[in-house]
Amino acid sequence: MDLKTFCRSLPKIELHAHLTGSLSDATVLRLLHAKRQEGVVDLPDSAEVVLKRGHNRTLKECFEVFRILHCLTDNLVALRTITRDVIREFVEDNVQYLELRTTPKVIIGKMTKEQYIETVLDVIGEEMKANITIRLLLSVDRARGVDDAWDTLRVTKQYMSQEKYKNLICGLDISGNPNVGDLCDYIPVLEAARKDGLKLAVHVAEVLNEKETLHVLKSGLVSRVGHGSYIHHKCGGTHEMVNLVKNFSIPIEICISSNIKSGTVKSISDHHFQHWWKEGHPVIICTDDKGVFNTSLSEEFQMCAETFKLTHDDLCELCLCAVDSTFLPRNERDELRKTMQQKLQHLRKNLGNS
Ligand SMILES: CNc1ncnc2c1ncn2[C@@H]1O[C@H](COP(=O)(O)O)[C@@H](O)[C@H]1O
Ligand SMILES: [Zn+2]
């Protein structure tokens, strides 16, 4: 079995995927078509920017792409479509467990944050009938200010307590342009979210920012670090940061294509994955924005394996260990681990026979 087929066949866990960043070309074309039907005219430019696949984009350009995608997804019908499409594409890529994240938006006359969250949760509920378990993280955009974050937490709590949706929301994410705003301002929101029983996945050190990184890590509130490109002392971070991550046992969500294509990490051979991996620290391979960066979880595994000379056993271990970094309660984690073990065993058997 070649590496590409092996990576596709691996039962995988995706823990860092932004809904809007995950849109495939097919979905974007469908959204453009819907907008054309509505009579919206300046679309060719948007299409060109969004569909410029395979190219590197600076972080600034990525955020311009998000702005356009948000214009295309500014109504509940589109939101339903994209949530369903993205989930099905992850199923297609043999993802067994998905923690999807998205920023609830208010669009006057079109949607409230409540409707946004409810729509996404309804689609998740419907799609879970397929061969996948899905949970939702609500994202706070650091560029929108702390008041908006408090508001998102308020609405999130409302849905966590509803019987129908109770177990589907598992945490809060802080994302958004890392060059805008200051994470330190969000600590009170993070504290409140933890008290409310939410786990926290925070984008930390996607770009170099020593003060912010130290402050957030020292808070002890973070359950998983997104990116963490400038934490390891061999990659522009410090020993103190590494010790904090290790002492608090904070798993790191690794998004290689995102880092390389957006230019936050110089080259794949410089990627911080290798240091954490060698030191046995928990790392999870993730896509971040599979649409914007034209990738898939299988391709991220393949690229990582080729660059860092990972064996089949290493790849299986990465898949299985990801179970421990999920935000599932203990009993559901144990269930998931069992399923993953069975599927991995089956894959190994096939490998032996091929
Ligand atoms: C490339 N690195 C990144 N760094 C920081 N935040 C990112 C990101 N990629 C995506 N997002 C966050 O996710 C939103 C899009 O999905 P949703 O509208 O929430 O579904 C972006 O607007 C940004 O806030
Ligand atoms: Zn991200």
Side-chain angles (χ1 to χ4, degrees), residues 14-24 27-28 31 50 56-76 78-87 90 98-107 111 113 116-117 119-121 123-124 136-145 148-149 152 156 171-181 183 186 200-209 212 222 224-230 252-265 284-295 297 300:
E14 170 65 85
L15 299 184
H16 187 142
H18 301 270
L19 175 60
T20 311
S22 299
L23 306 187
S24 63
T27 302
V28 172
L31 295 171
V50 173
N56 293 0
R57 292 175 160 122
T58 62
L59 260 191
K60 201 166 160 237
E61 288 166 338
C62 289
F63 282 91
E64 175 57 16
V65 174
F66 293 134
R67 195 191 61 75
I68 295 171
L69 288 172
H70 289 148
C71 294
L72 295 177
T73 54
D74 66 353
N75 60 84
L76 295 170
L79 184 61
R80 273 196 76 82
T81 306
I82 65 170
T83 310
R84 194 198 52 209
D85 285 7
V86 166
I87 291 173
F90 278 117
L98 166 67
E99 278 179 20
L100 191 62
R101 57 184 81 188
T102 193
T103 323
K105 293 151 193 105
V106 181
I107 298 171
M111 57 169 119
K113 276 192 190 178
Y116 189 100
I117 296 178
T119 302
V120 174
L121 287 172
V123 178
I124 288 178
L136 182 66
L137 295 158
L138 276 321
S139 299
V140 163
D141 182 345
R142 58 181 287 161
R144 290 195 194 180
D148 185 72
T152 295
T156 302
L172 206 72
D173 151 61
I174 300 200
S175 46
N177 191 334
N179 294 308
V180 179
L183 269 189
Y186 292 81
L200 305 176
V202 183
H203 284 59
V204 184
E206 182 175 8
V207 296
L208 183 63
N209 187 335
E212 183 184 271
V222 176
R224 274 193 330 243
V225 156
H227 300 293
S229 309
Y230 293 88
I252 301 185
E253 302 158 354
I254 299 286
C255 312
I256 295 180
S257 286
S258 165
N259 300 153
I260 303 304
K261 291 193 175 174
S262 70
T264 53
V265 172
I284 316 104
I285 296 182
C286 306
T287 53
D288 203 13
D289 300 293
K290 73 177 179 59
V292 173
F293 298 117
N294 191 28
T295 188
L297 192 53
E300 294 299 300

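Start at 1 and go down the list; that is how both ligands and their atoms are numbered.
Using modelled atom types, no side-chain atom of Arg101 and backbone atom of Ser175 make a donor-acceptor pair closer than 3.5 Å. Within the 3.5 Å criterion, the main-chain N or O of Asn179 finds a donor-acceptor partner in the side chain of Asn177. With hydrogens and angles ignored, the 3.5 Å screen pairs a side-chain donor or acceptor of Arg142 with a backbone N or O of Val180. Distance alone, capped at 3.5 Å, is enough to place a donor-acceptor pair between the Tyr186 side chain and the Gly145 backbone.
Ranking protein heavy atoms by distance to atom 23 (C) of ligand 1, first place goes to Phe63 CE2, 3.7 Å. The protein heavy-atom contact nearest to atom 6 (N) of ligand 1 is Gly176 N, 2.9 Å. Closest to atom 2 (N) of ligand 1, if we only count protein heavy atoms, is Glu206 OE2, 2.8 Å. Among all non-hydrogen protein atoms, the one lying nearest atom 17 (P) of ligand 1 is Thr20 OG1, 3.3 Å. Protein heavy atom closest to atom 13 (O) of ligand 1, with residue, atom name and distance, is His18 ND1, 3.0 Å. Summary of contacts: the protein heavy atom closest to atom 22 (O) of ligand 1 is His70 CE1, 3.3 Å. In terms of protein heavy atoms, atom 9 (N) of ligand 1 is closest to Asp289 OD2, 2.7 Å.
Looking at Asp288 against ligand 1, only its side chain comes within 4.0 Å, counting heavy atoms.
Near Leu19, the atoms of ligand 1 lying under 4.0 angstrom from a non-hydrogen atom of the residue are 20 (O). Counting atoms of ligand 1 from 1 in the listed order, those under 4.0 Å from a heavy atom of Thr102 are 17 (P), 19 (O), 20 (O). For ligand 1 and Phe293, the ligand atoms under 4.0 Å from any heavy atom of the residue are 1 (C). For ligand 1, the atoms sitting less than 4.0 Å from at least one non-hydrogen atom of Ser258 are 1 (C), numbered in the order shown with element in parentheses.
Within the 4.5 Å cutoff, side-chain heavy atoms of Pro104 are placed close to those of Leu138. In this structure, Glu300 and Asp288 have side chains that are not in contact, with every pair of non-hydrogen atoms separated by 4.5 Å or more.
Below 3.5 Å of separation, one finds an N or O of Lys105 facing an N or O of ligand 1.
Here His18 reaches the Zn ion (ligand 2): one of its N/O/S atoms is less than 2.8 Å from the metal. The nearest N, O or S atom of His16 is closer to the Zn ion (ligand 2) than 2.8 Å. Among the backbone and side-chain atoms of Glu206, no N/O/S atom is found under 2.8 Å from the Zn ion (ligand 2).
In the candidate list Leu69, Val65, Thr103, Thr103 is nearest to atom 14 (C) of ligand 1, counting heavy atoms.
Annotation: the span from Leu15 atom CG to Arg224 atom CZ amounts to 4.5 Å, rounded to 0.5 Å. In this structure, the separation between CD1 on Ile117 and NZ on Lys105 is 10.5 Å, given to the nearest 0.5 Å. Of the inter-residue distances, the one linking Ser22 atom OG with Asp289 atom CG reads 6.0 Å to the nearest 0.5 angstrom.
No side-chain donor from either of Thr264 and Glu206 sits under 3.5 Å from a side-chain acceptor of the other.
His203 and His16 have perpendicular rings, their planes meeting at more than 60° on a 0 to 90° scale where under 30° would count as parallel.
In terms of distance to the Zn ion (ligand 2), the nearest N, O or S atom of Asp288 is named OD1.
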